Asker: 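Attaching a single structure in C-alpha cells format; questions to follow.
Each ligand, and each atom within it, is numbered from 1 in the order the structure gives. Residues: numbered from 1 along the sequence shown. The analysis underlying the following values was restricted to heavy atoms, covering all of them including side chains, and did not include hydrogens, waters or symmetry mates. These numbers were taken from a predicted model, which means no experiment stands behind them.
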Amino acid sequence: MSFEKFELHTKIAAGVEALGYKVPTPIQSQAIPPIMEGRDVMGLAQTGTGKTAAFVLPILQRLMRGSRGHVRALIIAPTRELSEQTHQAIAQLGRRTNLRSAPIYGGVSIHGQINKLRNNVEIISGCPGRVLDHINRGTVDLSHVEVLVIDEADHMFDMGFLPDVRKIVKHLPTQRQTLLFSATMPDDIRSLANDLLINPVNVKIGHTAPVETVTHKFYPVQMSAKTDLLKDILNKTEMDSVLVFTRTKSRAKSVALQLDKSGYKVTSLHGNLTQQKRQHALDGFRDGRYEIMVATDIAARGIDVTRISHVINYDMPSTADAYTHRIGRTGRASKTGDAFTFVTGEDRGLAQSLARVLGEKLQYQNIDGLTMTAPVYDQAPARRSSHGRGSKPNNGGKKFSPKARANTNSRPRQRSFDSSNRSQWAH
Ligand code: AMP
C-alpha cells in the first residue's frame, strides 16, 4: 500500500515524499482514513510507530480547505520535546502548504509565543500548562478549533496534567473532532476518552499486547541478592524462553557469566559485542539453543521472538515507557507472558509511577531468605476508581499458574513450578 490511496492534497503529498515516506506504517494505514472522514479516534500506540504523521496528515488535509488566520487544530502533548517534535513534523510535512503552526510550551519566554500567536497560526502544538496560561491571559483564541489531539495521554496523566487538559477542553467548541493517543490505557484515560470522544474508532498498534496478555510481578530485593533470586526464580518457574534485562553492559555480561557457570543455556546481548557475536546470540536465542538471554535496553530493541515467555527486569527500567517497551518483548502475537521485576529501595519513585501506568497495586512477591519485606510505597494512587487490571474481565485469567501455563507452553516443561513459595502481599 502506498500513500496515494489517501488522496492527499498534492502539496501535502510533496511533504510526504520529501521526508522519504514510501509506505504508511500500520497506525497510519488504520488511523488516517477514519480521521479523514472526520471520525473521533482513540489510538493505542507509542512514539516510534509513526503516530505523529497519522494525525498530522489528515489535519493538514482538512486545513487546506476553509479559512486561515485562526487556530483550527490544537495538539496537546505532555512534554516540550514532544510538542517541538510535532511542530517540526507539521513544518516538514506541511512545508508546501503555507499552514502555520506554533509550539507553545513553558520554560521559554511567553512574549515570543504571544507574538507568534498574533501572527495568526492555524495549528498549535503545545503543553497543557502553557496553553492554559495563554488562555488565561487572553492571548490565544481557541473558539475556532476544529480538531483536538491529545497525544501521549498516559504520560499526561502520569505528570498530573489531566485536570489542565479538561480545563482547556472547556474553551473549545463542542462541535469538533477529537483524537486521543496513548501507549497504555489506564482507567483515568479510559474515562477521559469516554468524556471527550464521540463514537470513536479504536486503533491499536505496536506494544499494546503486554497490557492485556502479560502478568506483572515485583520482587523487593537487595542489590546483593539479585543473582540468587534470579537463579531461584529460574529453577522454580516453568519457562520457555527468558529475556533478562540489566541496566549496564557490564552487568549483562557478568549476570550471563554467572548463569552460565550454574549450568544454564544462556547468552548475552549488549553494545560491546561485535556484529557477528550479536547475530550468534540472537540466532541462538531464536532457535532455542539458548533459553536465556541477558540484555541491555538498547541491545534488545527490535528483538522479536514470539515465544519469549518471561521478561525479568534484573534492574528496574529507568522509565515507565522503558518498562512497556521491555515487556513488549513477551506476550507477543497474543501469547501470554510474565514480567518479573526486581525492585530495590532506590527504585521507589519508579515503582510508584509504574503502579500508575499499570493501573494497579504492584503485586509484591515474597521468597523466604531472598526478598525484603514489602515496601510501603507500593500503593496505587487512592484516586483510582478501579482496583486494577486483575479485576478486569478482559484480563483473560492470565495469572501465572501451572494450569495457565499448560495452555500456553507448547514446548516440554523443563522446570517445575513450586507455588508454595509464592505469596502476594499487595492484595
Ligand atoms: P513517531 O512515532 O510519529 O514519533 O514517528 C517515528 C519516526 O518514524 C519518525 O522519525 C518519523 O519521521 C518516521 N515515520 C513516520 N511515518 C513514516 C513512514 N510512513 N515511513 C517511514 N518513516 C516514517
Asker: Using side-chain contact (heavy atoms from CB on, under 4.5 Å) as the criterion, point out the one residue from L63, V71, V145, V56 that pairs with I123.
Answerer: L63
Asker: Begin with the C-alpha distance, continue with both residues' side-chain angles, and end with the deciding distance and a verdict on ring-ring contact (aromatic ring centres under 6.0 Å, His included) for F245 and Y314.
Answerer: CA-CA 6 Å; F245 280 101; Y314 184 96; over 10 Å; no
Asker: Rounded to the nearest 0.5 Å, how far does NE2 of H171 lie from CG of N136?
Answerer: 6.5 Å
Asker: Backbone or side chain, does any N or O of Y21 fall under 3.5 Å from an N or O of ligand 1?
Answerer: yes
Asker: Looking only at N/O atoms, are Q28 and ligand 1 under 3.5 Å apart anywhere?
Answerer: yes
Asker: Using a 4.0 Å cut-off to any heavy atom of T52, which atoms of ligand 1 qualify?
Answerer: 1 (P), 3 (O), 4 (O)
Asker: Using a 4.0 Å heavy-atom cut-off, which part of V23 comes near ligand 1: side chain, backbone, both, or neither?
Answerer: backbone
Asker: Indicate yes or no: does an N/O atom of G50 lie under 3.5 Å from an N/O atom of ligand 1?
Answerer: yes
Asker: Between atom CG of N115 and atom OG1 of T139, what is the distance when rounded to the nearest 0.5 Å?
Answerer: 10.5 Å
Asker: With heavy atoms of F3 as the reference, note each atom of ligand 1 found under 4.0 Å away.
Answerer: 19 (N)
Asker: How does F181 reach ligand 1, if at all, at less than 4.0 Å between non-hydrogen atoms: by side chain, backbone, both, or neither?
Answerer: neither
Asker: Could you give the distance from CE (M64) to CG (L60), rounded to the nearest 0.5 Å?
Answerer: 8.5 Å
Asker: Look up atom CD1 in I124 and atom OG1 in T86, then write down how far apart they are to the nearest 0.5 Å.
Answerer: 13.5 Å
